[in-house]
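Here's the structure we're looking at; comments come further down.
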Amino acid sequence: MRLRNVKYAKELIHSYPGYVILKPKNHKSKWQELFENNHPVEVEIGCGKGKFIYEKALNNPHINYIGIEKFDSVIVRALEKLILEPLDNLKLVRFDATHITDIFEENEVDKLYLNFSDPWPKNRHEKRRLTSPRFLKRYHQILKDNSMIEMKTDNYALFEYSLMSFNHSDFIRIIDLSLDLYKNLPSSNIQTEFEMKFVEENKTIYYLKAKLKRS
Ligand SMILES: C[S@@+](CC[C@H](N)C(=O)[O-])C[C@H]1O[C@@H](n2cnc3c(N)ncnc32)[C@H](O)[C@@H]1O
């Protein structure tokens with residue numbers, strides 16, 4: 001059953017090359033050309049089944065959105081949303097963001113979202129955390145001056161680690177944070193799939209917003 005699902009995912013992804021970009025490296029420095037406009041480019045790493053990035057794109061037609069997800073079996077759910085209701089300002093990329101500098105040029109990205117990223121709790125996996133110093137260095141390369149990184153998580157250990165990692169960085173300044181986002185929920189908040197589940201379970205959601213300085 002699982003194998004059939006993976007095969008189905010692969011086949012569907014390959015049937016929609018206009019929605020899921022199969023060779024993202026070819027678009028480095030040229031994402032706006034792909035969208036056929038000069039609108040800002042915002043990226044979610046680990047978009048999962050795509051609820052957040054799809055609704056962002058639906059609500060903000062003058063922003064280009066790119067959802068990056070490393071598994072076919074997950075990104076296919078985001079693709080299904082696009083097939084049902086196509087959006088010109090959303091592209092999906094099946095890619096491991098460890099190599100994100102291979103697909104975006106310096107200064108190419110206007111904003112980055114990290115929603116409920118995998119916590120990788122073991123010390124030996126620290127480098128895989130999307131807020132580890134080595135990822136922050138990559139973000140520094142691709143993000144514009146004064147651009148924002150927004151993060152939400154239910155995992156306090158990851159949140160604390162990310163606060164420290166952001167705080168130790170020379171080029172990132174935390175400008176807002178919440179230790180309980182739902183105590184004072186902004187009307188602009190868009191729930192992710194994981195967020196919906198965690199909120200139902202009464203889990204606390206942590207939030208931070210940081211500004212990136214290029215020099
Ligand atoms: C816990 S899920 C959260 C999904 C979604 N953001 C949400 O909040 O519903 C984390 C997702 O990030 C993806 N992911 C983790 N590391 C990644 C990486 N290096 N590159 C791309 N996707 C990644 C995983 O495959 C998974 O689908």
Side-chain angles (χ1 to χ4, degrees), residues 2 5-6 9-10 12-13 20-25 27-28 31 41-58 65-82 90-104 109 111-122 124-143 149-159 161-162 165 178 181-182 185-186 188-201 203-209:
R2 208 162 164 240
N5 274 340
V6 172
K10 256 195 193 335
L12 199 65
I13 286 167
V20 185
I21 308 305
L22 297 171
K23 295 187 174 163
K25 291 181 187 175
H27 298 282
K28 183 171 176 170
W31 286 97
V41 173
E42 300 191 0
V43 174
E44 182 186 15
I45 300 181
C47 69
K49 298 177 183 171
K51 178 181 179 294
F52 174 87
I53 199 84
Y54 185 91
E55 287 179 34
K56 272 278 183 193
L58 189 64
Y65 289 93
I66 299 174
I68 302 178
E69 168 54 51
K70 68 178 171 183
F71 291 121
D72 284 340
S73 56
V74 183
I75 205 168
V76 73
R77 302 292 165 217
L79 171 60
E80 285 167 343
K81 293 180 176 68
L82 265 181
L90 173 59
K91 303 287 180 201
L92 302 171
V93 172
R94 219 273 296 125
F95 191 72
D96 183 340
T98 307
H99 310 288
I100 196 161
T101 52
D102 291 347
I103 61 171
F104 294 110
V109 178
K111 189 164 181 175
L112 195 61
Y113 300 96
L114 303 172
N115 292 319
F116 301 87
S117 306
D118 295 333
W120 294 109
K122 291 186 180 143
R124 69 186 148 94
H125 291 148
E126 185 208 332
K127 283 185 177 171
R128 297 185 192 174
R129 295 178 199 149
L130 293 181
T131 50
S132 66
R134 77 176 188 150
F135 270 98
L136 298 190
K137 264 191 212 146
R138 292 169 188 147
Y139 304 155
H140 183 235
Q141 241 176 285
I142 62 168
L143 279 163
I149 302 175
E150 281 193 73
M151 171 188 184
K152 291 191 273 189
T153 182
D154 65 307
N155 187 298
Y156 185 74
L158 178 68
F159 188 67
Y161 170 85
S162 306
S165 175
S178 171
L181 183 64
Y182 277 73
L185 189 67
S188 57
N189 185 61
I190 292 178
Q191 282 187 325
T192 76
E193 267 101 356
F194 272 67
E195 185 172 347
M196 278 174 66
K197 186 166 81 75
F198 294 142
V199 169
E200 258 174 44
E201 291 167 4
K203 287 196 173 167
T204 303
I205 306 297
Y206 308 98
Y207 165 83
L208 78 77
K209 184 176 190 175

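This is a predicted model, so every value here is computed, not measured. One-based numbering, in listed order, for ligands and for the atoms of each.
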For [atom], find the nearest protein heavy atom and state the residue, atom name and distance (0.1 Å precision).
atom	value
atom 27 (O) of ligand 1	Glu69 OE1, 2.7 Å
atom 15 (C) of ligand 1	Asp118 OD2, 3.2 Å
atom 23 (C) of ligand 1	Lys70 CG, 3.8 Å
atom 3 (C) of ligand 1	Phe116 O, 3.4 Å
atom 19 (N) of ligand 1	Asp96 OD1, 2.9 Å
atom 5 (C) of ligand 1	Gly46 O, 3.5 Å
atom 9 (O) of ligand 1	Phe194 N, 2.9 Å
atom 20 (N) of ligand 1	Ala97 N, 2.9 Å

- Message: Test of understanding: with side-chain hydrogen bond (donor to acceptor under 3.5 Å, both in side chains), list the residues that count as partners of Tyr207, not counting sequence neighbours.
- Response: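 Per chain and number, Tyr207 pairs via side-chain hydrogen bond (donor to acceptor under 3.5 Å, both in side chains) with Glu150.
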Under a 3.5 Å distance rule, please check whether [X] uses its side chain to pair with a backbone N or O of [Y] as donor and acceptor.
X	Y	result
Lys81	Lys49	yes
Arg129	Trp120	yes
Ser162	Leu158	yes
Asp96	Thr98	yes

- Query: Hey, do the aromatic rings of Phe159 and Tyr206 have their centres closer than 6.0 Å?
  - Reply: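 Distance test on ring centres: under 6.0 Å, yes.
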- Can you find an N or O of Thr192 that's nearer than 3.5 Å to an N or O of ligand 1?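 Yes; at least one N/O pair falls below 3.5 Å.
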- Not counting sequence neighbours, which residues clear ring pair (Phe, Tyr, Trp, His ring centres under 6.0 Å) with Trp31? List them please.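 By the ring pair (Phe, Tyr, Trp, His ring centres under 6.0 Å) rule, Trp31 matches His27, Phe104.
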- Query: How far does CD of Gln191 sit from CG of Asn189, to the nearest 0.5 angstrom?
  - Reply: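 Between atom CD of Gln191 and atom CG of Asn189 there are 6.5 Å.
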Atoms in ligand 1 with a heavy atom of [X] nearer than 4.0 Å:
X	result
Glu193	9 (O)
Phe71	25 (O)
Phe95	20 (N), 21 (C)
Glu44	6 (N)

- Phe52 to ligand 1, any heavy atom closer than 4.0 Å: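 Checking ligand 1 against Phe52, which is what was asked, there is no heavy-atom contact under 4.0 Å.
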- Mutual orientation of the aromatic rings belonging to Phe198 and Phe116 [parallel < 30°, tilted 30-60°, perpendicular > 60°]: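 Tilted: the ring planes of Phe198 and Phe116 meet at 30° to 60°.
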- Query: Any idea which part of Arg128 is under 4.0 Å from ligand 1, heavy-atom wise: side chain, backbone, both or neither?
  - Reply: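 The answer is neither.
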- Between the side chains of Asn155 and Thr153, does any donor sit under 3.5 Å from an acceptor?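 No pair is found: no donor N or O on one side chain lies under 3.5 Å from an acceptor on the other.
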